[in-house]
Amino acid sequence: MQFNSTLKQRLQDCSSTYAELSARLACASTLCIYEGAEMLNAGIPLLMGSVASAAICEEQSHLPDKVTPIEMYDVAYTEPVIFAKVSSETPFESVFRPFTQMLLQLKSTLYNYHLSLIRLNATEQEMQTNLSDPNSGEYQDASMFSILHIQALWRNLDLSSQLLMRLLTGAPRVNISWHRARQHIPMQQRFNFPDISKIITNIWKDQSKIVATYQLPAFKIDGPEMVLKLLSMRKDLTTPSLLIDNQWHRSNFMLRQELSQSIEHFYESQEVRFHPLTQKK
């Protein structure tokens with residue numbers, strides 16, 4: 001199966017919007033954490049959202065293009081992480097926490113979409129290599145796993161599309177909640193990286209139990225380093241008026257459109273040539 005060039009471009013376009021989103025969430029989180037008290041419960045999910053956004057940007061900017069023979073027979077089937085319910089939430093936390101959880105899930109589904117694609121390509125190549133002996137174990141294994149990769153690919157496309165729809169439709173709620181949160185905290189217009197870095201590093205240690213509820217290891221995230229790296233390269237760190245700007249909304253709207261079209265025409269456009277179950281009639 002060939003990578004849909006338009007979808008690939010949409011993913012690349014969106015990568016930079018997640019870097020910008022991560023920076024805005026980090027600055028917003030710093031304000032809330034610095035204020036403390038009830039606003040701390042808003043600051044931590046915003047920080048986790050910043051981490052998730054930075055991870056999406058990092059992964060989509062460094063996607064693998066090859067697989068090992070062992071990886072070829074490993075299916076990137078996404079099982080969404082089930083987050084434990086929080087006994088009590090502040091109004092701000094009840095909005096920002098689900099938003100962050102969706103960003104974390106999206107990180108997995110987008111990455112697993114790519115893994116499914118390159119592993120499918122690898123099994124197709126293996127089938128081509130052994131086409132002269134379709135009864136061989138090599139051909140039969142590749143044939144079976146090509147079907148599994150196709151199904152996982154469709155699943156990852158569909159889950160990504162669903163998550164993007166929920167993020168897009170939730171954008172105004174997130175922005176209105178941030179607008180209300182700003183009314184509870186003093187407005188610092190500019191930040192310097194050392195101060196933000198210190199606050200983020202300290203809160204990661206001091207609030208480790210709350211951080212653990214986001215199950216970051218399940219998403220291959222073990223610390224705030226990606227956010228700190230991203231912020232260290234920025235000259236301008238300012239208080240965001242909106243958490244989700246229109247560039248993010250527009251780019252991800254277009255990405256979701258492309259995902260939806262890929263799902264709708266999935267078996268029409270794919271080029272799995274060898275297995276009879278995937279042949280066009």
Side-chain angles (χ1 to χ4, degrees), residues 8-34 40 42-66 81 96-97 99-115 160 163 167 174 178 188-208 210-245 247-248 251-252 255:
K8 182 177 181 180
Q9 186 60 52
R10 293 291 182 222
L11 285 165
Q12 291 175 344
D13 292 343
C14 282
S15 178
S16 62
T17 71
Y18 281 94
E20 296 298 322
L21 176 61
S22 178
R24 289 193 298 274
L25 292 174
C27 290
S29 171
T30 300
L31 271 177
C32 294
I33 292 169
Y34 188 78
L40 180 63
I44 294 176
L46 290 173
L47 174 57
M48 298 300 103
S50 177
V51 170
S53 299
I56 291 173
C57 176
E58 178 71 16
E59 279 190 345
Q60 292 302 313
S61 300
H62 300 89
L63 292 170
D65 56 4
K66 295 180 180 179
V81 173
F96 297 145
R97 185 179 178 89
F99 170 65
T100 286
Q101 291 171 344
M102 285 186 284
L103 287 172
L104 287 167
Q105 303 279 25
L106 182 65
K107 172 191 177 295
S108 291
T109 59
L110 288 177
Y111 189 66
N112 284 342
Y113 161 75
H114 179 76
L115 292 183
S160 296
L163 286 164
L167 285 165
V174 169
W178 170 238
Q188 181 177 342
Q189 294 304 315
R190 294 186 180 277
F191 305 88
N192 62 66
F193 174 69
D195 286 346
I196 289 186
S197 177
K198 182 178 179 180
I199 288 173
I200 290 176
T201 302
N202 287 342
I203 205 70
W204 204 275
K205 296 177 182 177
D206 297 342
Q207 301 294 330
S208 59
I210 298 178
V211 171
T213 64
Y214 288 87
Q215 303 187 45
L216 298 180
F219 301 97
K220 300 180 181 179
I221 298 173
D222 54 14
E225 288 75 19
M226 281 183 286
V227 172
L228 297 177
K229 178 183 176 182
L230 185 152
L231 294 175
S232 69
M233 296 184 291
R234 303 178 71 88
K235 296 180 180 179
D236 191 28
L237 295 169
T238 59
T239 302
S241 57
L242 294 172
L243 296 181
I244 302 176
D245 68 1
Q247 182 60 41
W248 183 95
S251 294
N252 284 273
L255 173 58

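Computed from a predicted structure; not experimentally measured.
Residues I196 and C27 have side chains in contact (heavy-atom distance under 4.5 Å, counting atoms from C-beta outward). Using a 4.5 Å heavy-atom threshold, the side chains of L216 and L104 count as touching. Considering only heavy atoms from C-beta on, L230 stays 4.5 Å or farther from Y18 through its side chain. Residues I44 and C32 form no side-chain contact, since every pair of their non-hydrogen atoms from C-beta on lies 4.5 Å or further apart. Looking only at side-chain heavy atoms (C-beta outward), L163 and L110 stay at 4.5 Å or farther from each other. A heavy-atom distance below 4.5 Å is not found between the side chains of L167 and N252. Using a 4.5 Å cut-off on side-chain heavy atoms (C-beta onward), K198 and T201 make no contact. Using a 4.5 Å heavy-atom cutoff, the side chains of T239 and F191 are in contact.
Checking side-chain atoms of W178 against main-chain N and O of A28 turns up no donor-acceptor pair under 3.5 Å. Checked by atom type and distance alone, the side chain of S29 never pairs as donor or acceptor with a backbone atom of L25 at under 3.5 Å. Using modelled atom types, no side-chain atom of S53 and backbone atom of S50 make a donor-acceptor pair closer than 3.5 Å. Without hydrogens or angle criteria, S15 side chain to Q60 main chain gives no donor-acceptor distance under 3.5 Å. For the pair Q247 (side chain) and T17 (backbone), a donor-acceptor distance under 3.5 Å is absent.
Counting only residues at least two apart or on different chains, the side chain to side chain donor-acceptor pair (under 3.5 Å) pairs with a member in residues 214-225 are R97-Y214.
Nearest heavy-atom pair, A23 versus R234, reported as atom, atom and distance to 0.1 Å: CB-NE, 3.5 Å. The nearest pair of heavy atoms linking L40 to Q207 is CD2-NE2, 3.8 Å. Between V51 and G223 the shortest heavy-atom distance is CG1-O, 4.2 Å. What you find for L106 and S160 is that their closest heavy atoms are CD1-O, 4.0 Å. Minimum heavy-atom separation, W204 to L47: CE3-CD2, 4.1 Å. Counting all heavy atoms, side chain and backbone alike, V174 lies closest to F96 at O-CE2, 3.7 Å.
Note that CD1 of I56 and CG of L21 are 8.0 Å apart. Values are rounded to the nearest 0.5 Å. Atom-to-atom distance recorded for M48:CE and L103:CG is 12.5 Å, nearest 0.5 angstrom. Atom OG of S251 sits about 12.5 Å away from atom CD of Q12, to the nearest 0.5 Å. Rounding to the nearest 0.5 Å places CG of L11 at 8.0 Å from CG of L63. Atoms CG and OH, on D195 and Y34 in that order, are 8.5 Å from each other to the nearest 0.5 Å. A distance of 4.5 Å separates CD1 of I203 from CD1 of I33, quoted to the nearest 0.5 Å.
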*Going through the distances and angles, do I200 and L231 end up as a side-chain contact (heavy atoms from CB on, under 4.5 Å)?*
CA-CA 11 Å; I200 290 176; L231 294 175; 4.1 Å; yes
_Could you walk me through whether K107 and E58 satisfy the salt bridge (Lys or Arg N to Asp or Glu O under 4.0 Å) test, starting with their C-alpha distance in whole Å, then the side-chain angles of each, then the deciding distance to 0.1 Å, before giving a yes or no?_
CA-CA 10 Å; K107 172 191 177 295; E58 178 71 16; over 6 Å; no
